[in-house]
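Everything on this sheet refers to the single structure shown next.
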Amino acid sequence: MINFPLFHLATAEAGGKSFTDVDFVLFVATLVLFGLFAALLAKFGWRPLLRIIEEREKNVRDAVEGAQKANADAEALLEQHRVLMRDATREREQILKKAIEEAEHVRDEIVTQARTEGEHALERARVEIARETNLALSEIRDQVADLAVLAASRIVTSSLTPEAQRKLVDDFITTLPPLQAPDRP
Amino acid sequence: MKSLPFFVSAAGQAAASHAVEEHAAAGQNPAAVIMHHASDHAIWGLPSRHLAFFALAALLVIFIVRLAMRGYRKGIPHGLAAFVEMLVLFVRDEIAEKNIGHDSRKFTPLLCSFFFFILVAAFLGLMPFAATSTGNIAVTMALATVSFFAQQYAGISRFGLAGHFKNLIPAGLPFWMLPVMIPIEILGLFTKPFALMVRLFANMLAGHIVITTLLVLIPMMARTSALFGAAIAPVSLGLSLFIMLLEILVAFIQAFIFTLLSAIFIGMFAHPAH
């Protein structure tokens with residue numbers, strides 16, 4: 001027995017026995033028992049229990065991480081779609097604008113071409129008309145000459161010599177206005 | 001001394017009747033009654049009731065923990081398991097992790113054992129006819145010795161025997177201080193577990209002494225006059241009930257303090273720079 005003199009409080013009355021008297025047998029027995037108890041409990045109690053807890057904590061952590069990852073993935077996907085949509089809209093607008101521009105261009109071209117062609121046709125028609133007119137006039141002139149000759153011959157046959165007749169005709173012809181096409185319209 | 005009928009009936013309460021029996025046996029000496037109530041003696045044919053209740057507390061803790069492990073379904077604790085897990089997580093995260101750091105896993109089982117054992121032993125001590133094993137200094141000395149070895153193991157396993165003892169000297173100490181500091185630091189090794197031993201022992205003992213004293217007051221007053229005994233009985237019972245409730249709080253606090261200080265000391269030896 002060890003005595004701690006400092007802890008001898010009011011124990012003198014109790015037959016000199018003190019609470020601070022250390023029972024060494026009890027100390028050693030407790031030490032051995034507690035050692036055994038702590039070792040047993042560590043092996044079959046705390047470690048398996050802590051393993052269960054840690055496993056669950058790991059599962060929770062994994063689940064949270066998985067959810068966060070899925071969330072991030074979904075957001076990235078959403079952003080991607082948003083960009084895609086924006087691009088598609090812009091592209092559609094561009095296509096539409098380009099189509100309109102092209103259509104206007106084609107329309108202008110067609111109108112210009114039509115106008116040109118119309119003018120060409122008109123020009124051709126005018127030239128044709130002028131040529132036909134000239135042709136008709138020269139034909140008329142020939143026929144007039146023939147008719148004149150015929151008429152004159154009928155009139156003059158009886159009174160003039162052939163030389164006089166010729167001179168007469170020639171004089172008539174020279175009085176005719178020169179041949180020319182009418183003015184363009 | 002004559003025995004009074006009133007005093008027998010007033011002491012119907014379990015602890016009181018216990019005190020009273022001892023009272024009669026110890027020759028009506030209040031100090032002897034208190035001494036008898038708190039000190040170790042034979043019980044149920046066993047040489048030491050403190051050892052018996054120590055073993056009972058230990059078995060109870062093992063039983064509780066094994067029972068708690070059955071309360072897990074798919075890793076989720078139910079009932080008792082949830083309560084045990086709460087305390088285990090508290091010891092692991094708030095006590096071991098914060099004070100020991102990354103070595104804490106090695107010491108968590110021991111700290112859990114300290115915490116649960118001291119808690120259960122204190123609760124057992126509050127039961128009628130039971131004894132508080134941690135109110136015996138030999139028992140707390142054994143617990144403190146285990147804590148002491150754990151502290152030394154923490155230092156030695158990390159720095160080796162020489163490194164561990166070299167760490168006891170604070171860095172940058174002038175050499176002429178060594179003759180003073182070496183004895184102080186060696187003493188410091190032992191004052192830590194000594195403080196643990198005395199704190200737990202004194203706290204566990206004190207509550208029981210107060211409760212016994214309050215109850216012994218009834219027969220003491222009744223010896224003077226039955227009226228005094230009747231007057232003091234409700235006061236004594238009320239106050240001892242209050243102290244009993246306080247003891248529940250103290251049980252948690254002391255389990256926490258012993259475990260926390262053990263963790264802090266282990267952390268001190270494992271990380272001497274701090």
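Because only heavy atoms are used, hydrogens play no part in the values below, and waters and symmetry mates are left out as well, while side chains stay in. Just so we're on the same page: letters track the sequence lines, and every chain starts at 1.
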Exercise for the section: Examine whether an atom of A:Leu49 lies under 4.5 Å from a heavy atom of chain B, and if so say whether it belongs to the side chain, the backbone or both; otherwise answer neither. Expected result: both
Practice task
Answer yes when A:Lys98 and A:Glu101 have at least one side-chain N-carboxylate O distance shorter than 4.0 Å, and no when they do not.
Solution key: no
Exercise for the section: Go through the atoms of A:Leu36 and report whether side chain, backbone, both or neither lie under 4.5 Å from a heavy atom of chain B. Expected result: neither
Problem - Which portion of A:Leu33 sits near chain B, non-hydrogen atoms under 4.5 angstrom - result: both
Problem - A:Arg115 bridged to A:Glu109 by N-O distance under 4.0 Å - result: no
Practice task
Could you check B:Phe258, B:Phe115, B:Phe123 and say which one makes a ring-ring contact (aromatic ring centres under 6.0 Å, His included) with B:Phe252?
Solution key: B:Phe123
Problem - Heavy-atom pair count under 4.5 Å with chain A, highest-scoring of B:Ala202, B:Ser133, B:Ala68, B:Ser113 - result: B:Ser113
Handout entry: For B:Leu80 against B:Ile64, the heavy-atom pair lying closest together
Key = CD2-O, 3.7 Å
Handout entry: B:Val88 versus chain A, the contacting section by heavy-atom distance below 4.5 Å
Key = side chain
Problem - Donor + acceptor pair across side chains of B:Gln151, B:Ser147 (<3.5 Å) - result: yes
Problem - Contacting moiety of B:Phe116, where chain A heavy atoms sit under 4.5 Å - result: side chain
